Amino acid sequence: MSDQKRLFLVDAYALIFRGYYAFIKNPRINSKGEDTSAIMGFMNSLLDVIKRERPDHLAVCFDKGGSVDRVEMFEAYKANRDETPEGIRTAIPHICNILEAMHIPIMVKEGYEADDVIGTLSRQAEKEGYKTYMVTPDKDFAQLVTENIFMYRPVFGGGYETWGIPEVQKKFEVKDPLQVIDFLGMMGDSSDNIPGLPGVGEKTAKKFINQFGSMENLLANTHELKGKMKEKIEANKELGLLSKQLATIMLDVPVTFNAKDFELDHPDIEKVKQIFQELEFRRLTDNFLKTFSTETTETTTQTPDKQEAPKTTPTEKKSAGAGQFSLFGGDTSNTTETVSEYTRKTAETTSHFYQSVASGMATKLFVKNLMNQTSVCFDTETTGLNPLTAELVGIAFSWEVGKGFYIPFPEDRNEAQTLIEELRPFFENENIEKIGQNLKYDIKVLAKYNIEVKGKLFDTMLAHYLINPDMRHNMDVLAETYLNYTPISIETLIGKKGKNQLSMRDVPLEKQTEYAVEDADITLQLKEHFQNELGEANTQKLFDEIEVPLLRVLADMELEGINLDKGFLESLSEQLNNDIANLEKSIYEAAGEEFNIASPKQLGIILFEKMKLVDKPKKTKTGQYATGEDILSYLAKDHEIIQQILDYRGLSKLKSTYVDALPLQVEESTGRVHTDYMQTVAATGRLSSNNPNLQNIPIRTERGRQVRKAFIPRNVDYTLLAADYSQIELRIIAALSEEETMIEAFKNGEDIHASTASRVFNVPITEVTREQRSNAKTVNFGIIYGVSAFGLSNQTDLSRSESKELIETYYATYPKLRAYMSEQVDFARDNGYVQTVLGRRRYLKDINSRNAVVRGAAERNAVNAPIQGSAADIIKIAMINIHQKLSEGNYKSKMLLQVHDELVFDIYKPELEAMKTLIKTEMENAYQLSVPLDVDLDIGDNWLEAH
DNA sequence: TGCAATGCATA
DNA sequence: GTATGCATTGCAA
C-alpha cells in the first residue's frame, strides 16, 4: 500500500437497495413494526468497509430529486422505475441520523444523482493526490476509473473486489474506461431506462467497441454494417447519441471536496448506541463497538478482525426463544406469547427435551445408553452438502418422541476421528435398527470416516416415496403434512444460500442442538407414522427388499465414482470451438445480420419475420415462434441456414453441457466424477442422476458420442464393461399382456421390430424394408408410451390417417396388447392407481377427470408406469444381487453407473471372465417373466468402445 | 439474484 | 405419447 491518502465515497442508495433486498424474504421488523432491513443492510456494508479498509477519508453520497438535466434530455429517463419501497423511504432519515452521529459527511446536491456527485468529488480528490474508492456495485461507475480512482464493489458471497483500469479493460473489453460510456450507451440499461441502440445487447456492444471505439465513430461508419442491423442503427442515430449522454456521469456538480470535513474521525459512540437501541439493533451495536474500539486503540491493522465476521452470533429477535434453555434440560414449552399466531406446531410450541452431550465421560455414558436401544434415529450435521468433502459437525440421536441428544464434533479431523470411534460400536451393531431421512447421505459421510452403518435401516424418505411417489419427500414437507409441525428452517441458522451463508460449524451449539435433534425427533415420529402405511399391499416387501438394500448399493457406487479423461475433453472442446465459430459466421451471413442464435425468441423473429421461411409459422403457448428441433428439421431440406442452426445448437449444447462441464465435476479429493443418484424423484420407480447427470451422456450422433470416450477405467489393470438389457420394456409388455405372438418372437431371438413389421405389413421377415422396420419400431415404442395417431404421425413420415391405420393393424396383430392396455386403464379407474410387477404403485388422480386432455395423460400414465416401473424394479434387483456377489466374492471389480437399462462396471482384468458370467446371469435372472430377459455385454477401454 | 420458458441430452 | 436433468435467455423482485 502506498502512503497516498485514501478517500472512500459511498453510493448510498445502491447499498441501501442491496441491503433491503438481501432481507426481502424475511425482513427485519422490530417491535414497533418498523422494517429495518434497509438500515441494517446499509450499516452492515458500511461498517464492513470501514473495518476492512480503515479509510482516512470517507463520505456518503445520496441522490436528490433525480437528475434535472437528464430528465430534460429524455423524459422517460428512469420513468418506469418503481416507486421506492416503503421500507427504504422510512430508512433514509434513520440512516442520515446515524451518519451524523458517526460524523460522516452526507454529500447530496439537489437535482443531481449520487453518480455525478461521486464523479465530481473523485476528480477533485485526484487532483489533490488522493486515491479514491467508489463503494458501489453499480457497473456504470467503471467509466470514472483512472489510475487513482477505483471501484470498490461488494461481491456476491461476501467480500469486495477492486476495479482499477486493468479490471475495467478486461470486464468491458475496452481500452479506456471512458469507453464504458459508449458501451452502456449502445447496450442500454433497463434499470436506468437508458434505451440504447435497438438490437444491440452486451455481445454486440462489445464487438462495436472493439471495431469502432466509440458511439460517434460507429454512427459515422454505419456503411460498414450490413443487413437489418445497419438499417436499425442508421434509423436511430439520435437515440444512440442521447443514450450515450444519459450514460455519462457528470463531473461538474457544484460540490467541493474539503479534505478536513471528510476525515473519518471518532464517532459519537453514545449517540449511535442510542439510535441503535431505538431501532433494536443488538448485533449491529456489538459490531459497531468492535469496529471503533480497535480504531481507538490505534493499533492500526489487526489481522484477526478481518475474519471476525459480524454474523457468527445470529440474533434471535423474535422472542426470548426457547432455544437456549434446552441444553440444561429445562422444559421449553413456553407457549404463552407466540402460540396463538400459529396453527402449526413448532419447537417453540411443543414440549421437548433436546440435550447436547459434553465430551469425555458424558459421551461414554451416552454411548452406553445408546447401545441398550433396539431402534435409534440419527442425523448427521456437516459442513456442506457434498458428502465427499463434508466434515462432521455433529450427530443427533433420538429414540423417544420429543427427546434426543446431540454430539458435537471437534473441527480437528483427528479429534473428530477419535470421537467417532466411540460411536463405532453403535453404527456397526447389526442388531440396532437405524432410522433416518435420506440415509444414503449419512452413510456416505460416515464412510469417509471409515464407519460402516450396519443393521436394519428405515429411511423415511424412501418410505414416503413408496407411499406416494408423486409427492416431494423433504423432511419439512413431510413434517407439515403428517405431523402438522413446522421444523426450524436451516436458513434461520445459516442464512440463505450464496450471500454470507454460514457453515453449520459457525452456529452456536445450542442452536445446532435444537435444530439437529429436532430433525432426528421428527424423523422418528415420521417413521412411526409411515410404518403402518407401508404395511398394506406389497409395499413393505418392496421397501425391505428393494429400496433399502439399494440405498447401500447406490452409496457405494457414488463413493466409487468414475475416471474421466480430462485431456481428451479439452481437445474436443477446442475442435468444437472451431466448428461453432464457422457455423456462426455462415448463419450470420445467410441471415444478413448478427443475432443470438441460442435465443429462441430472436431466432424465431429472424427465421419467420425477416426471412419468412414459412407462410404460417407455428407458435408456442407463450406466443413465441416455435423453433424446436422437430420443427426445424422439417424445414432443413429447404433452407441451408436451418441445418446450420441445428448443427450450431447441437454443438453448443454438446460443448456447454458435457465437454466443458464434465471436467469441472471431477472431485478433487478422488480425481473422479461422482454422480448422485436420486432414489425418490422419478414417480415410476426409476433412478435419476445429477451433479452431474450421467444418465444422459450423448450416444445418438457421431459427434456427441465422442464424449463417451472420456469415461475410462480406473487404470491399465481395469477395463470398462457395459451390460444392457435388450428391449426390456417391450419384453415386459409382451409378458404382462401374454401376447403369444410377441412372446414367441422374443423366445426365438428375433429382431423384434423387424418381426413386428413383418406381421403388420404382412411381408416375410426377410423382406421387411428399412422404412417398414423403422415405422414398426416407432409404433412399438409408441405403445409403451400410450400411443396416439397424432403422436405417431409426428414421429414418422406417415400422415395422420396412415398412422391411425397402422395403429389399428398393430392392434389387430397383437390383440392381447390392446386388451392389456385397456385393463390397465380400467384398473386405474377402479383403484386409483396402477402397479408394477413388484407392487410399486403410482396413483393417478386424474384418471376420472372430465377434461379429456388431462384424462388422456393419466391414461397414458396408466399404461406406461407399470412398464417403465417394472423395468426399474428388475434392474434394481439385479444391482442389489450383483453388489452382494461382488462383495461376497471379494472382487476388485466395481459397479459404477446405472442408466435405466444399462449397468457400467470397472472390471479388474483378471476377473473379466468371472464378471461376464456373473453379471449376465444376475441380470437375466433378476426376475422371472414369461419372456426371457436378454443382456448384451460389451467391453472396452472407454465407455464408447464398451457399447 | 431467482424464476419461467425453451430446448435438448438420455432411456 | 412416458420418465428425467441441465444450460441458456430474458424478465422480475
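First the proteins, then the strands, lettered A, B, ... as listed; each starts at 1. Quick caveat, the model's predicted, so the values are computed rather than measured.
Residues passing the salt bridge (charged side-chain N to carboxylate O under 4.0 Å, His left out) test with A:Asp873, sequence neighbours excluded: A:Arg840. Looking at residues two or more places apart in sequence or on another chain, you find a side-chain hydrogen bond (donor to acceptor under 3.5 Å, both in side chains) between A:Tyr658 and A:Asn696. For A:Glu805, the salt bridge (charged side-chain N to carboxylate O under 4.0 Å, His left out) criterion is met by no residue, not counting sequence neighbours. Remark: A:Arg860 engages A:Ala857 in a side-chain contact (heavy atoms from CB on, under 4.5 Å) (not counting sequence neighbours). Applying the salt bridge (charged side-chain N to carboxylate O under 4.0 Å, His left out) rule to A:Asp936 yields no partners; only residues at least two apart in sequence or on another chain are considered.
Counting to the nearest Å, the P atom of B:dT10 and the NE2 atom of A:His947 are 11 Å from each other. A:Leu651 has its CG atom 18 Å from the P atom of C:dA7, to the nearest Å. What separates CZ of A:Phe781 from P of B:dT10 is a distance of 13 Å, to the nearest Å.
Looking at A:Glu945 and A:Arg708, no side-chain N of the basic residue comes within less than 4.0 Å of a carboxylate O on the acidic one, giving no salt bridge.
Non-hydrogen atoms lying under 4.0 Å from DNA chain B are contributed by A:Arg686, A:Gln695, A:Asn696, A:Ile697, A:Pro698, A:Ile699, A:Arg700, all within residues 684-702 of chain A.
Close to C:dA7, at under 4.0 Å from its OP1 or OP2, lies no side-chain N or O of A:Lys655. An OP1 or OP2 oxygen of B:dT10 is reached within less than 4.0 angstrom by no side-chain nitrogen or oxygen of A:Arg705. OP1 or OP2 of C:dG10 lies within a sub-4.0 Å distance of a side-chain N or O belonging to A:Gln602.
Comparing B:dG7, C:dG5, C:dT9 by their closest approach to the side chain of A:Arg649 singles out B:dG7. Closest to the side chain of A:Lys653, from the set B:dG7, B:dA11, C:dA7, is B:dG7. Residue A:Thr657 places its side chain closer to C:dA7 than to any other of C:dA3, C:dA7, C:dG1.
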